[in-house]
Structure formats: structure tokens, C-alpha cells
Amino acid sequence: MPATKGSAGKNGSKDNARQGEGTALVIVESPAKAKTIAGYLGRGYVVESSIGHIRDMPTKAAEIPAKYKGQAWARLGVDVDGDFEPLYVVNTDKKAHVKKLKELMAEADELLLATDEDREGEAIAWHLLQELKPKIPVRRMVFNEITKDAIRRAADNTRDLNTRLVTAQETRRILDRLYGYEVSPVLWKKVMPKLSAGRVQSVATRLVVERERERIAFTPAEYWDLKAVFDASGSGAPDGAGTFPAGLMSVDGRRVAVGRDFTSRGTLRSDRDVHHMDEQTARELAGRLDGAAFAVSSVERKPYRRSPYAPFRTTTMQQEASRKLGLSSKQAMQVAQRLYENGYITYMRTDSTTLSDSAVSASRDQVRRLYGGDYLPDKPRVYAKKVKNAQEAHEAIRPAGDTFRTPAETGLNGPEFRLYELIWKRTVASQMKDAAGESVTVRIEGTSSADEVAEFTATGKVITFHGFLKAYVEGSDDPAADLDDRERRLPSMEEGAPLKAENLEAEGHATRPPARYTEATLVKELEEREIGRPSTYASIIGTILDRGYVFKKGTALVPSFLAFAVVQLLERHFGNLVDYEFTARLEDVLDDIARGEAESLPWLRRFYFGGQTSGGESEVGLKELVGDQLSDIDPKEISSLPVPGTDILLRVGRYGPYLDRDGERVNVPEDLAPDELTKDKAEELFAQPSGDRELGTDPETGRTIVAKTGRFGPYITEVLEEPAEGGTKPKGKAKVKPRTSSLFKSMDLDTVTLEDALRLLSLPRVVGEVDGEEVTAQNGRFGPYLKKGTDSRSLETEEQIFSITPEQAKELFDKPKQRGRRAAVPPLRELGQDPASGAKMVIKDGRFGPYVTDGEVNASLRKGDEVDSLGDLRAAELLAERRAKAPAKKKAPAKKSTTTKSTAAKGTAAKKTTTKKSTAKKAPAKKTGEPRSSSQKTDES
DNA sequence: CAGTGAGCGAGCTTCCGCTTGACTT
């Protein structure tokens, strides 16, 4: 479609000016990239960035355009009953930017969408197309390395938009929205508000929880072996030097047990025929070998070879930055971002280990200069793609440019310097020769005084050519592990040479539970399971930390008890969704869609509404799981965890975790690691003093009065009996309830006095008789009130509880109960007329904060609205929104569950939808596998 | 997690992936 563009660059001229007049607007994703590319393209091109995605489904109610507010599906942003059509709005923070792009486009004669060549990039391009509505020719421009040649080639070889790829992205987006926005509310209802669930975060949380479960179930095993130090100097070795350590391998040909021979339950694996030694066996054997003669029984030499590690991608960089620089995932990404923006490194969010040709030659150039030609392989090394679902839109993370700056040449310092150095070394090393050397295994035999043949082994490693290890050695997550460049030298020995055991000792070991995840190892695990993307790894950690699903203990990620409850709920009721294979299967489907071999709709339908799987099994859809089957989820059950070996239950309550033993309860510190909650720990918690404040003794009863914090806030209560010292609980439960009372609002837990407390405990106060019935005054759930039989009246102030007279009480009871809010409270502010109703609008203060009303309709002020500055227009808008939404007026008498309510609501809304839609939609029968365009729901703003 | 007697104007929380500033503490 577009005219041919200048085939510039052949003569090496710096300018790649387009032929003819006019300019092309090139849109990439990142501003830093735009800057670089602008330099490569030269005149005739204007390069701007989209700054990531420009549109998405509305995040919250405030972002839903008014005309969709009444729709049942508006909350989801996906019209689930209308072929899962998504509703897109321009992100609030992108409105100005989109306007700018439109203005730039007005001056261009061609639009080149140069977003990344992956699923998300293709989608960004499509959204740009939808939003900018260009009238000039549009082409898709793609490249996956940012070098002058690659960019110029890309500008000359554009293609059309790949709509199948866009559909695949949209399917992914819709699925994630449905999962997140349907399952999270289940957690709000069953566990705690503000929690969240999602395809990625829930699996990440589950991984951490499962690891903790393994730790809880773990029983260590003890095993012993022998460690010897042999002296080879009498063996005729030329240097005569040396002693070396060796470990006992077998006794009478039977291998000595090591850690991996044991199960996590502390038992020996049944398939192992090994010699398991305890302390006594080991010590006695050591005794019998004392003074025995030893000799070398075999020497085995093998060549050692090690190839360099692939250049960094996001996850490997995060891991090494964690191991070597102590940076969290987030910190590593922030430092990398700064390096990227200032032109020191290539893009840091990538799943590719590929180097561009120019990067390869830059690396080789550095190798030659810094290490010499001996370290340079004949051919450049190519790294195969490591990651299964890699989309490879970018290069590996490497120093930027066609020639690399050494760390010293950059002038950087601090973490930027250290991370650059890491990246630089890793990149250069990736183009160096293998390390080579020799590994040696020596076996040594000796016979004990009881004629047992004990065989020891020692291993050595000698590196004769360091190759890439000269530049870079990868760190390890296990601090005890040997790094790749670690040498262990053994004296040279011949078979049959006699050895003297200098030292021979029994050594005890215990198996260890699997280590907790760190940020870096969790990210690694997620990548291996194809969960999450380079741009999100750091924020996944952030999310599960924010939600309180995990907390950090040093670098370890420890799951909270809350996480156990949430994971328990998801596993039992949404098993498919937290299946580790779920995302991997999703990726397959998305790939099929992208290739045009599968359709999006049937798949989404089955996910949401249920149906037959390809295997012919029937599957319950998400809609039913969060709807009709909601009542199957027992909050009590999913929030309970047994404390191993006890009849104590750990329960996750709205106010944190607590222990429950037959109704006796005690708080559990929020930062207690679940694997530390043993029987002993639980007993200790029950025994602990609760930390209540003692106010003194009630002179009348002699009981101690304490102030504590409870479910309903601060309160005081009396202590009925001294806790029996070390004794058992009193069995005969002739329970006398202690008197309790909430503090008045005017009181404070820290300052409340014994006098206050006694007054509170004296309640309810008998005010007197009214109409022949006794009236009492007390404090309750809704504040101070009077009670007369079954009738009641609220009081104005707490003090009235003590001061009100029978006469005043009678007056209150003579008046009917106040209905609605108290009359005659002046409005906070008066506004103008509501154009819709013609009534005067006022702002009032209510139970839920300020709201605007025209006398008929009430609407709360939203976030960002202020009483003082609210204008008439905004007020009218709020009222209009409220009207649009509510059937409000007369509600059917509230049935039992939320399910029935939502079904009813959906019924009416669905009707509206169909009438509206029949005009707007229907006609353009959607082509399968094509993204929606003509009937797109958008926020025309 | 202490324990009691209204009637009412709710609204909001949340997902995953792309990307940076512009704000305030």
C-alpha cells in the first residue's frame, strides 16, 4: 500500500531521509526507544511513543462510561452475555498523551505502528489504530533489535497488522479480567475484604504455601559418616606435599547413606540398599579403623568442560543481581531502567538471550582486547531460546551500542556501576571459550580391625584453561555450593600407593527441609512454569507482599496464615484455576488462536459458562462457581488449619490469625512463620499473658478490672479467676460470665481509669418507670439508648446514660421512633438546581460521609470530590449516575443470599442490553478469529 | 477474639501486561 520509501543507507550516508515530501509518524512503546530510533531514521520521520498500553478495560466504577453503568456486566468490563465483548477506555493518565499523538498524526502522511513484535505489542498497535482512527495510510513496522541497520530495514519492510495475534492478546486479557474480578469478590465474602486472586498471583502464592507445607511436614533424618584426612607424602609423590580430605563411601561394598537417601518424612527410601550409620556405629567404626593401613585403590581422571552462561534476560539478571548485589527484583529493575534510559544497556524486560550481530562482534572485540585471541572461539556462540513461551520481541540484556564501553569507561558509580559491570561481564563472557580442565576421583581402601573394608573417596578439579570463567562466574542460591571456578587440588597419586590416615572422625549430619523461596528463586520458578512476563515479575512479588500473602524474613519469602486460607479456598473450590498447568495450557490455546487454528469465543464460553472439554468431560464454568456454588464454600472450614499433633485449630479471622482450643482463643503474631507453629509454640501462646492493661480492683467484688481491645474496639472487663498455675482447666463449666462494656467514644484505652470502668460496669442504669415499665439506659452497638421492654430510643450523647431523668425518658418514648436520619440537620452546603429534576441540590453529611441529594435521589461523593469545591455540574452528574443505576425505589423483600439478588438484577439488566444492542450490533457477523473493530465498545471522549 | 436494640442514601475493594513521569509524604 504505501509508496516505496527511500532505500537509504547504501552509501553509508548518515541521513536516512524519506523520499518525497511529508513525514511518517512512527509510534513505538518506550520513550527511550523513540529517542534512539529517531536518530537512526533521520529526516522525514517523527518518532513518538505510546508509553505502553493506551487503553484497557475500566479498573473501577468511576472509569465506566455513564452509558454502560447500568449494565450487569459493567463491573467486569466484559459483556459476558454478548460474546465477551470487552469495553475499552483510554487510561486516565493517557488521555493527554493520546491527544498529542492525534495532533502529531494530523501533520503526518503515513503512520507506522512500530510497537514490539509480540502479542502485547501487536495489541497496542491495534488499540492505537482504534483510538487514533487515522485517515492516512497505516503500516506495521517491526524489529527485534535496535541497531541502525535493523531499524532502517524495518522501515522499508512493513507489513499489515496481525489481527489473529491481537485476538490472542484480547483472549488473554478477558480471561485474566474474568478470573481476577470474579474470584476476588469471593475472597472478600469468604475471607477478608480487599483480597485478590488472579491467574499469576494466586499460583505464585500457592507455590510459596506449598513449599511451607513441605517444610511443616518435614521430619529431619540423622545420619553419620566418616571424614578422614590422608597424607600422601609417603606415597612417592614427587612434590611430597600434601594432605587431602576424603569421605567414607562404602563399608564392605555397601554404600554409606547420604542425605538424598532419605524421604522428607525422615525415613530411609525403600529402594535404597545403603548402610545407615548412627552416631555409635560411626564412632565404633572409626575406632576400628584407627591405625589401619590405607592404599589408593583407583584413580580416575576425566576431562572437565564448562560452557559460558547465556546472556542475561530479565529473570536471570534479577537472580544474579540478588545473589551478587543483594538487590530485590524491584530494585534490580529500577537500576536497570535508569541504565536503559541513559543509553547504557538494551531493554531490560526481555525473555530473549539473543544478541544482535553487532553485539556479538562488539563482545568478541572486547574479548580480543581484554583477554586475547586465545579466549575467543572461532565462531560466534548462538544461544538457543531457553524459555518455552518466549516471545523474543527484544534482544538479551547487554551493553548498548555497536561497541561496548567497559565499566570504567562509563563513569557510572554505585548500584548502576555494579549492575552494568555484571551485564557487561556476562555479555562478554558469553562469547568466550569454554573453560577446560580435569576432574579426578581417587578411591582409598583400608581394612578395619574387624576385617571390614572401608572405602573412602576424594575428588579434585583442576582448571587448566579458565576461558569464560576469567570474566564471569555465576552465583549460586545455595551458599554451601561450589562455584564453577572453584578448584580442588589433590596431590598426584598412583594406584596402589600407601596412604596414612592423619585424622579420622565420625561426622553427624541431618537432612534439611526444602529452602523457602526468595524473590529471585520464585521468579525463576514462575518463568519455568511459563507464568507471568518479564514486565511483571517484579510486580508479582509486590502484589503478594501488598496483599499480606507473604512477608519477607531476610531474603526469604514466608507465606502468611492468610495465604494458607486463601490457597486452601482456591484449591478446594477453584482447583483448575490454581493448577500449575493452567497457564501453560492457556499459552497453547493462545498460540493456536494466533496461528488461526483455534477460536477464542468457544474457549471463553467454556471457561465462563462451562461445557464439554475436548476430552468430553463436562466442566463447571466460572460463573456458576462464583454464583450458584458460592454457598458451598464454608468460610469457617477454609480458614482453619490444624496445628499438627494437637486439637488446636489455627483460624484466620478478619483481625488476623488466632488459635482456638474448644473456644479458648489467643492471638497469633502476624509474623510468625507457619512452619514455626508447632505444638510447643501453640502451648506457649496460650500460656502467654494477653498484654491487657490492669486498671485496679473492684472494691465491691475484689475482682481485677482490665482494659483490652476486642472485635468491637476497646473495652473493659473483669477477671473472674486466677489462671490455675500449671493445672488443668476447670472441668465443671458452671460458667459465670464476666461483666464487660465498651469504652465510650470519649475514652481512650490508654487513659481510661478504674473509676470510668466501674461506672461502665454498673450499666445498664435503671432510669425509672415510664408508663409502668422499667426504663434502662445503656450503651450498645449503635451508641447510647434507652430500653423499655421491647421498645427503644436512641440517646444523643453517652453522658445522657447517666444523666437522663425519667421525665426526659418519657418524652422520648412518647415521640415515635425517629425514622431515617435525624431531622433538621443543616446541609453542609447548598448548591444550585439539578437540571434533571429541577430541585435544589444540597450536600449533606451522612453515615457514610458526605452526599449530594435533590430530596429524592442521594449520591455519595466519590474519591476526589470535595465538599467545599463540588460544582453544580459534578453534583448533577453524580445524581444522574445514581439514577441510572438504581432500581432503588422498592426492593423485593430481601431474600436470603446474595446470589438471588444478583440473578434478579441481571435479569432486568439483560433485557436492557438486548434492546439496546439489537440496533447497534448483530449485523456485522463477526468473523471468527478477528478482533472486534466496527462494533467496538469504546469510551468516546 | 466481648455481646445487643434501630433503620437506613452506599460504594468500594480486585485482574495481567505494556510503559513512564507527576505527584506528595
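Residue numbering restarts at 1 for every chain, and letters A, B, ... go by the order of the sequence lines.
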- Task: Look at Gln201(A) and dC15(B) and indicate whether a side-chain polar atom (N or O) is within less than 4.0 Å of OP1 or OP2.
- Result: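 For Gln201(A), the contact criterion (side-chain N or O under 4.0 Å from OP1 or OP2 of dC15(B)) is met.
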Just call it for [X]: base, sugar-phosphate, or nothing, with non-hydrogen atoms closer than 4.0 Å on any strand.
{"X": "Ser30(A)", "value": "sugar-phosphate"}
{"X": "Gln169(A)", "value": "nothing"}
{"X": "Leu178(A)", "value": "nothing"}
{"X": "Asp116(A)", "value": "sugar-phosphate"}
{"X": "Ala197(A)", "value": "sugar-phosphate"}
{"X": "Asp93(A)", "value": "nothing"}
{"X": "Gly532(A)", "value": "sugar-phosphate"}
{"X": "Gly198(A)", "value": "sugar-phosphate"}

With centres under 5.5 Å and planes under 30° as the test, does [X] stack with [N]?
{"X": "Tyr179(A)", "N": "dC15(B)", "value": "no"}
{"X": "Tyr181(A)", "N": "dC15(B)", "value": "no"}
{"X": "Tyr715(A)", "N": "dA2(B)", "value": "yes"}

Does any N or O donor sit under 3.5 Å from an N or O acceptor when you compare the side chain of [X] with the base of [N]?
{"X": "Arg651(A)", "N": "dC1(B)", "result": "no"}
{"X": "Arg173(A)", "N": "dC15(B)", "result": "yes"}
{"X": "Ser742(A)", "N": "dA2(B)", "result": "yes"}
{"X": "Arg665(A)", "N": "dC1(B)", "result": "no"}
{"X": "Thr853(A)", "N": "dG9(B)", "result": "no"}

- Item | From Lys623(A), Arg75(A), Lys189(A), residue fulfilling salt bridge (Lys or Arg N to Asp or Glu O under 4.0 Å) relative to Glu182(A) |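 Result: among Lys623(A), Arg75(A), Lys189(A), Arg75(A) is the only option passing the salt bridge (Lys or Arg N to Asp or Glu O under 4.0 Å) with Glu182(A).
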- Task: Measure from NZ or CZ of Arg177(A) to the centre of the six-membered ring of Tyr181(A) and say whether it is under 6.0 Å with the direction within 45° of the ring axis.
- Result: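 Yes, a cation-pi geometry.
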- Would you mind telling me which of dC18(B), dT19(B), dC16(B) lies closest to the side-chain atoms of His53(A)?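 Ranking dC18(B), dT19(B), dC16(B) by closest atom to the His53(A) side chain puts dC18(B) first.
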- Item | Whole-Å gap separating P (dC18(B)) and CE (Met57(A)) |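 Whole-Å distance recorded here is 15 Å.
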